[in-house]
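Worksheet: one structure, shown below.
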Protein chains: 2
Amino acid sequence: MVDDPQKAGDNGIMVVNLDMVFSALADPTRRAILAMLLEDDMAVTDVAEPFQMSLAAISKHLGILAEAGLISREKRGRVIWCKLEPDALRAGSVWMQGFGQFEPVDLDAFERFLEEELAATGAETETTLTPSA
Amino acid sequence: MVDDPQKAGDNGIMVVNLDMVFSALADPTRRAILAMLLEDDMAVTDVAEPFQMSLAAISKHLGILAEAGLISREKRGRVIWCKLEPDALRAGSVWMQGFGQFEPVDLDAFERFLEEELAATGAETETTLTPSA
DNA sequence: CGGATCGTCAACCATGTGGTTGAATATGCC
DNA sequence: GGCATATTCAACCACATGGTTGACGATCCG
């Protein structure tokens, strides 16, 4: 087993630690990684490629994301594939929407954020969100 | 002016720093404070009352929440009133819903969580979320 | 005025975080 | 086997975070 994520209970109900989820999301590098994984599953080396920092640093970030339950990692051969796990995010989203008083989602705002953040991080995956639909 | 929050641009569109918003939300004390402010505006001393920690510590937490734009503070007499500012939260919510792929909100999950966290402020903060569909 | 209350500030401390580098562990390939 | 690739581990460093305490300015009240 590669991951040691937040484990699901016997009843199959996911247990999410909001401390971990939000502090994982507080880092722009990690949010950029999530944005990349939104496109497709990726190997660790490929995740690290657009960033300036070392592979070890990215590996740590992936560990934090996995502990928070935001991604899962599966080893196939010598490559570890990273996959977005939206359930933990949904838990945070539920919490925030509660405080946001359930107003409708502004999709344009979301795309603006993603573009800004990807640009600012230097992760030049220019096709990340815009063309997909 | 009491606060030095994230300022609104000339166009009146709020500029939200997701780093600040998420790292502010990563602390259970601060989330509990937001939950309290969801009920009503409160004076700093009253905010601090249910917590074990010092007033100075709560004052710091309120500073962090204000810098993130999550609350505002207004001084009236010698009392500083704290008020929830849902706009910054909504920005984070938009971001998260994007990753959550716009699934419907589970209101029951949110209410369960709020009860838990208010009941045990400072304790382990977890929320349960039924698996996706 | 003098004293009590409200809240912050400053200094300090322990621990956590994000990064580095170099060594170590697996796995695939010839 | 032997070497290259993929990823983590361990030690280290600078700095941020969350808490404390004590002093301080501001405000209300008798």
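The chains referred to below are lettered A, B, ... by the order of the sequence lines, with proteins before strands, and numbering in each begins at 1. Everything quoted here is computed from the prediction, not taken from an experiment. Hydrogens, waters and symmetry mates are skipped; everything else that's a heavy atom, side chains included, is used.
Between the CD1 atom of I71(A) and the CE atom of M42(A) there is a distance of 11.5 Å, given to the nearest 0.5 Å. Interatomic distance, CG of D19(B) versus CZ of R31(A), reported as 4.5 Å (0.5 Å rounding).
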* Asked: When you check every protein heavy atom under 4.0 Å of nucleotides 24-30 of chain C, what one-letter string (B, S, -) results, 5' to 3'?
  -> --SBS--
* **nucleotides 15-21 of chain D: protein proximity per nucleotide (B base, S sugar-phosphate only, - neither; heavy atom, under 4.0 Å)** => ---SBBB
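Following rounding to the nearest Å, D19(A) (CG) and dT17(C) (P) show an atom-to-atom distance of 11 Å. Between E67(A) atom CD and dT17(C) atom P there is a gap of 11 Å when expressed in whole angstrom units.
Through direct or relayed side-chain contacts under 4.5 Å between Ile, Leu, Val, Met, Phe, Trp and Tyr, W81(B) connects to V79(B). By the 4.5 Å side-chain criterion applied to Ile, Leu, Val, Met, Phe, Trp and Tyr, I64(A) is assigned to no cluster and stands alone.
Close to dT8(C), at under 4.0 Å from its OP1 or OP2, lies a side-chain N or O of S59(B).
For the pair L55(B) and A48(B), the tightest heavy-atom approach, listed with the atom from each and the gap, is CD1-CB, 3.6 Å.
Listed by chain and residue number, nothing satisfies the salt bridge (charged side-chain N to carboxylate O under 4.0 Å, His left out) test with K60(B) (two or more places apart in sequence, or in another chain).
Between its two ends, the helix from dG7(C)-dC24(D) to dC30(C)-dG1(D) turns its axis by 30°, counting five pairs per end and rounding to 10 degrees.
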